[in-house]
Number of protein chains: 2
Amino acid sequence: MSFVARTSWQNVRDRVHGLILDGTYRHGDKLPRDEDLAEELGCARTTLHRAMRALADTGIIERRRKGGTTVRTDPVTRATLDIPVTRLEVEARGFTYGYHLLERTEAVPPAPIAAALKMLKPHRMLRVQALHLADGRTYVLEDRWVSLQTVPEIAQVDLSTQSANEWLVRNRPVSHYDIRISAHSCDVKEAQLIGAQEGQAVLVVERMTWTNDAPITHVRATNSPGFHLMASSRS
Amino acid sequence: MSFVARTSWQNVRDRVHGLILDGTYRHGDKLPRDEDLAEELGCARTTLHRAMRALADTGIIERRRKGGTTVRTDPVTRATLDIPVTRLEVEARGFTYGYHLLERTEAVPPAPIAAALKMLKPHRMLRVQALHLADGRTYVLEDRWVSLQTVPEIAQVDLSTQSANEWLVRNRPVSHYDIRISAHSCDVKEAQLIGAQEGQAVLVVERMTWTNDAPITHVRATNSPGFHLMASSRS
DNA sequence: AAGTGGTCTAGACCACTGA
DNA sequence: CAGTGGTCTAGACCACTTG
């Protein structure tokens, strides 16, 4: 029954956040300097710093050397989006995962793909079109381009049983990536493949990945109708 | 010309990341314990910890007490999404921002809205429908519900010149929020308002915000055609 | 130039959790 | 219950940036 509010950075973070929520410090206000605030809250400056960084990460406050810490006036809504490997996503929803290779070709990618991957000189890539299934029904239509220059081994991999994603994930660590989310009206062919009506709106997620500036892959995932992404403020 | 690679947590983070990218440690492999790795890299354990936490945050490694640190086998694509206040977004694109109030009513929200806000007993809310304009053209159609219980003062605010968002942002700090992104085929009315064709696919972003479990607002932002969201791996 | 946040270190102790 | 990551502290120094 003892409320031993131990000093911990999470506790400190919540207390500072509380001072903002209850109006002690309002939008645009300047908070005390770290050293003073730490003393006031009874913790080390390092601990306060840890707490403040968490608040700064979520976009609640803004910190500047010499400028001090202020409550953001124009807070951005900053959310973390987790996009798991499709197989795991399907399985997490309690369905049986399936994979079906539609087509596999090699070609130089069209300009938009090359541009998205920031390729200066477009080179031959492997194009893989496939379906991810959930309990036998289409879950996602995937249209992928893989760089044969960065990942030559992919040419020898059997992609009829194993998704290119699964192979890449295990064999080519990614150093950074971009994501683009948009809405799309599906054409006749897409509609048929993902079990939608022609013209129906679907969510399209494109991902571009690189290893140290060398392009790995561009994936365009056309989700089935009704699919949505969820995100939330970081805890 | 001196490559004084000073030990800093970013440097350490990049070096450990490098050990993963170059295949020294592969997916599923276990990394040395912090103390050993710190000594190997010539930094304090605290500094290594800072670096490892950054890698864990981006989903590259997984850390467990007693279990050690392993390279994630099923890496999630974890991205940070920043959604600014609409006015700033429009201005950042070099357009002149405009705001137009369409309708303002009070009512008990329909079930889906109440459910999204986790309201146990739906109560009266203020409903505000408005357009955000960029150089006079519709940029976003906003359909917002504001809790009159949590934010009673909003009833007295003039929302014909000031967006509800702007007022809320300055007067009701948010403790946490959820975001939902989906694709939507617009109906006749929406199409007309946002300058689209009937049935055209548009990106819909819904946001629910709370202060300490008390619902503040539900916003449904229907973006104009062609709009897309971008995100990328955290630096 | 001076003030404020950012980081590093070393050491101690805590809290999970897997063998 | 022992091993590993997580955190706290105190003090020093660094680096940015604003007055």
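The structure presented is a predicted model; accordingly, all values stated were derived computationally and were not measured. Each chain gets a letter, A, B and so on, in the order the sequences are listed, and its residues count up from 1.
- Atom CZ in B:Arg50 sits about 13 Å away from atom C1' in C:dG5, given to the nearest Å.
- Side-chain atoms of B:Arg64 lie closest to C:dG18 of the nucleotides C:dG18, C:dA2, C:dC8.
- One finds no side-chain N or O of A:Gln10 lying less than 4.0 angstrom from the OP1 or OP2 phosphate oxygen of D:dG6.
- What separates CD of B:Glu62 from P of C:dT17 is a distance of 12 Å, to the nearest Å.
- The A:Ala44 side chain lies nearest to D:dA10 when the options are C:dG3, C:dT4, D:dA10.
- When each of B:Tyr97, B:Tyr139, B:Tyr99 is tested with B:His132 by the rule side-chain hydrogen bond (donor to acceptor under 3.5 Å, both in side chains), just one qualifies, namely B:Tyr97.
- The CG atom of A:Leu55 sits 12 Å away from the P atom of C:dG6 (whole-angstrom rounding).
- At the heavy-atom level, A:Arg45 lies under 4.0 Å from base atoms of the strands shown.
- Spacing between atom CG of A:Asn11 and atom C1' of D:dG6 amounts to 16 Å, rounded to whole angstrom units.
- Within 6.0 Å of CD in A:Glu91 there are more than 12 heavy atoms belonging to other residues, nucleotides or ligands.
- Looking at heavy atoms from C-beta onward, B:Thr70 lies out of side-chain contact with B:Leu31 at the 4.5 angstrom threshold.
- Contact check for A:Ile216 versus A:Trp145: no side-chain heavy atoms found under the 4.5 Å cut-off.
- Atom P of nucleotide C:dC8 and atom CZ of B:Arg13 are separated by 11 Å, given to the nearest angstrom.
- Of the candidates C:dG6, C:dT9, D:dT4, the closest approach to any side-chain atom of B:Thr47 belongs to C:dT9.
- Between C:dT17 and B:Arg65, no contact under 4.0 Å exists linking OP1 or OP2 to a side-chain N or O.
- Atom CD of B:Gln10 sits in a crowded spot, with more than 12 heavy atoms from other residues, nucleotides or ligands closer than 6.0 Å.
- Side-chain nitrogen and oxygen atoms of B:Thr46 include none within less than 4.0 Å of the OP1 or OP2 phosphate oxygen of D:dT7.
- Residue A:His49 places at least one side-chain N or O closer than 4.0 Å to OP1 or OP2 of C:dG6.
- Rounded to whole Å, atom C1' of C:dG6 lies 13 Å from atom CG of A:Leu48.
- In this structure, CZ of A:Arg33 is placed 14 Å from C1' of C:dG6, rounded to the nearest angstrom.
- Dashed line: the shortest gap from a side-chain N or O of B:Thr69 to OP1 or OP2 of D:dT4 is not under 4.0 Å.
- One interatomic measurement links the two molecules: CZ of B:Arg53 to P of D:dG6, which rounds to 9 Å at whole-angstrom precision.
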